[in-house]
*Asks:* 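Handing you this structure, nothing more for now.
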Amino acid sequence: MKHLLIILACSLLSAGIAHADQLMPLVIDGKVSNVNDPATHGHRFSLAELMSTASATIVTSTNWTKRESFSGPLLSALLKRVGATGSMLSVCAVDDYCHDVPVADAEKYGVILALAADGKPLPPSTFGPAWLIYPRDKFPDELNAATYDARFVWQVTRITVK
């Protein structure tokens with residue numbers, strides 16, 4: 001995973017982001033105790049923070065992709081990092097699409113905020129830079145349903161803890 005995040009960092013550097021401590025377009029706000037961004041009353045993540053957060057790889061298919069290897073920080077680790085205390089998340093994309101996701105899903109399924117697929121950073125022109133990924137192929141009877149398909153939010157920019 002660390003190798004994939006290094007690739008992501010290099011990709012961001014080539015796109016003009018100068019430092020690994022550069023703030024990412026990811027904010028977790030709402031019921032959080034670790035606030036570092038007064039403008040959002042939330043926690044804005046740097047690439048360095050994402051790189052140092054416990055991560056995982058999920059090999060799964062989605063309704064939009066073939067079976068791929070998705071890698072990124074564990075959602076549960078991100079929530080712990082910000083001191084989240086709610087039971088529901090509103091996960092929002094760059095286009096303001098938002099969908100509610102139970103906090104319990106983070107632990108139950110090992111949900112990740114994928115930053116890479118098959119070793120390549122997720123480009124903002126498709127699903128990146130961050131995509132909420134469930135292990136759909138590992139739990140096909142539970143996760144292969146419209147209820148969960150809507151939780152695969154891509155181009156994530158904000159997660160509000162409720």
*Asks:* I want to check something: taking the side chain as every heavy atom from C-beta on, are Val91 and His99 in contact at a cut-off of under 4.5 Å?
*Replies:*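 Heavy-atom side-chain distance check fails, nothing below 4.5 Å.
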
*Asks:* Considering non-hydrogen atoms only, spot the tightest contact between Ser125 and Gln155 and give its length.
*Replies:* C-NE2, 4.4 Å

*Asks:* Identify which one of Leu26, Thr53, Leu74 satisfies the side chain to side chain contact (heavy atoms under 4.5 Å, CB included) criterion when paired with Leu113.
*Replies:*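 The single option meeting the side chain to side chain contact (heavy atoms under 4.5 Å, CB included) with Leu113 is Leu26.
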
*Asks:* Within the side chain of Asp118, is there an N or O that forms a donor-acceptor pair under 3.5 Å with the backbone of Ser69?
*Replies:*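 Indeed, once roles are kept as given, a pair shorter than 3.5 Å links the two residues.
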
*Asks:* Mind running side-chain contact (heavy atoms from CB on, under 4.5 Å) on Leu89 and Leu75 for me, showing each step along the way?
*Replies:* CA-CA 11 Å; Leu89 307 171; Leu75 180 59; 3.8 Å; yes

*Asks:* Kindly check if the number of other-residue, nucleotide or ligand heavy atoms within 6.0 Å of CD (Glu142) is above 12?
*Replies:* yes

*Asks:* Counting C-beta onward and ignoring hydrogens, is there a side-chain heavy-atom pair between Val161 and Ile28 closer than 4.5 Å?
*Replies:*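 Yes - at least one pair of side-chain heavy atoms lies under 4.5 Å apart.
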
*Asks:* Any link between Val59 and Ile112 through a network of hydrophobic side chains (Ile, Leu, Val, Met, Phe, Trp, Tyr) touching at under 4.5 Å?
*Replies:* no

*Asks:* Which atom names give the shortest non-hydrogen contact between Pro25 and Pro129, and what distance separates them?
*Replies:*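 The pair with the smallest heavy-atom distance is CG-CG, 3.9 Å.
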
*Asks:* Between Arg81 (side chain) and Phe45 (backbone), is there a donor-acceptor pair under 3.5 Å?
*Replies:* no

*Asks:* Do Leu115 and Pro73 have side-chain heavy atoms sitting under 4.5 Å apart?
*Replies:*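 They are in contact (side-chain heavy atoms under 4.5 Å apart), so the answer is yes.
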
*Asks:* For residues Glu68 and Ile133, determine if any side-chain heavy atom of one lies less than 4.5 Å from a side-chain heavy atom of the other.
*Replies:* no

*Asks:* Flag the pair Trp131 / Thr126 as yes when at least one side-chain heavy-atom distance between them is below 4.5 Å, and no otherwise.
*Replies:*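 Heavy-atom side-chain distance check fails, nothing below 4.5 Å.
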
*Asks:* In Å, rounded to the nearest 0.5 Å, how long is the span from CZ of Arg67 to CZ of Arg136?
*Replies:* 11.0 Å

*Asks:* Parallel, tilted or perpendicular for Phe152 and Tyr134, by the 30°/60° rule?
*Replies:* tilted

*Asks:* Identify the two heavy atoms, one from Val153 and one from Ala93, that lie closest to each other, and give their separation to 0.1 Å.
*Replies:*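 Minimum heavy-atom separation between Val153 and Ala93: CG1-CB, 4.1 Å.
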
*Asks:* Is Leu143 linked to Trp154 within one hydrophobic cluster, defined over Ile, Leu, Val, Met, Phe, Trp and Tyr using a side-chain heavy-atom separation of less than 4.5 Å?
*Replies:* yes

*Asks:* What's the spacing between Asp29 CG and Lys31 NZ if we round to 0.5 Å?
*Replies:*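 Going from the CG atom of Asp29 to the NZ atom of Lys31 covers 13.0 Å.
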
*Asks:* Would a distance-only check, ignoring hydrogens and angles, find a side-chain to backbone donor-acceptor pair under 3.5 Å from Asp137 to Ser61?
*Replies:*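 Yes, because the side chain of Asp137 sits within donor-acceptor range (under 3.5 Å) of the backbone of Ser61.
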
*Asks:* Quick check: are there more than 12 heavy atoms from other residues, nucleotides or ligands sitting under 6.0 Å from CG of Asp96?
*Replies:*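 Count not over threshold, so no.
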
*Asks:* So which heavy atom on Val103 is nearest to which on Met88, and how close?
*Replies:* CG2-N, 3.6 Å

*Asks:* With Val82, which of Ile159, Val35, Val32 fulfils side chain to side chain contact (heavy atoms under 4.5 Å, CB included)?
*Replies:* Val32

*Asks:* Say you draw a straight line from NZ of Lys120 to OG of Ser71; how long is it, rounded to the nearest 0.5 Å?
*Replies:* 13.5 Å

*Asks:* Write down the atom of Leu122, the atom of Ala117, and the distance for their closest heavy-atom approach.
*Replies:*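 Taking every non-hydrogen atom into account, CD2-CB, 3.8 Å.
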
*Asks:* Can you find a pair of side-chain heavy atoms, one from Asp100 and one from Lys162, that are under 4.5 Å apart?
*Replies:*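 In contact.
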
*Asks:* Between Ser76 and Ala106, which heavy-atom pair has the shortest distance, and what is it?
*Replies:*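 Looks like N-CB, 3.8 Å.
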
*Asks:* Which is it for Phe127 and Thr62 under the side-chain contact (heavy atoms from CB on, under 4.5 Å) test, yes or no, and what are the steps along the way?
*Replies:* CA-CA 12 Å; Phe127 303 108; Thr62 73; 6.0 Å; no

*Asks:* With the side chain counted from C-beta on, respond yes when Val111 and Ile58 share a heavy-atom pair under 4.5 Å apart, and no when they do not.
*Replies:* no

*Asks:* Begin from the C-alpha positions of Tyr109 and Tyr148 and carry the test side-chain contact (heavy atoms from CB on, under 4.5 Å) through to its verdict.
*Replies:* CA-CA 12 Å; Tyr109 298 113; Tyr148 288 95; 3.5 Å; yes

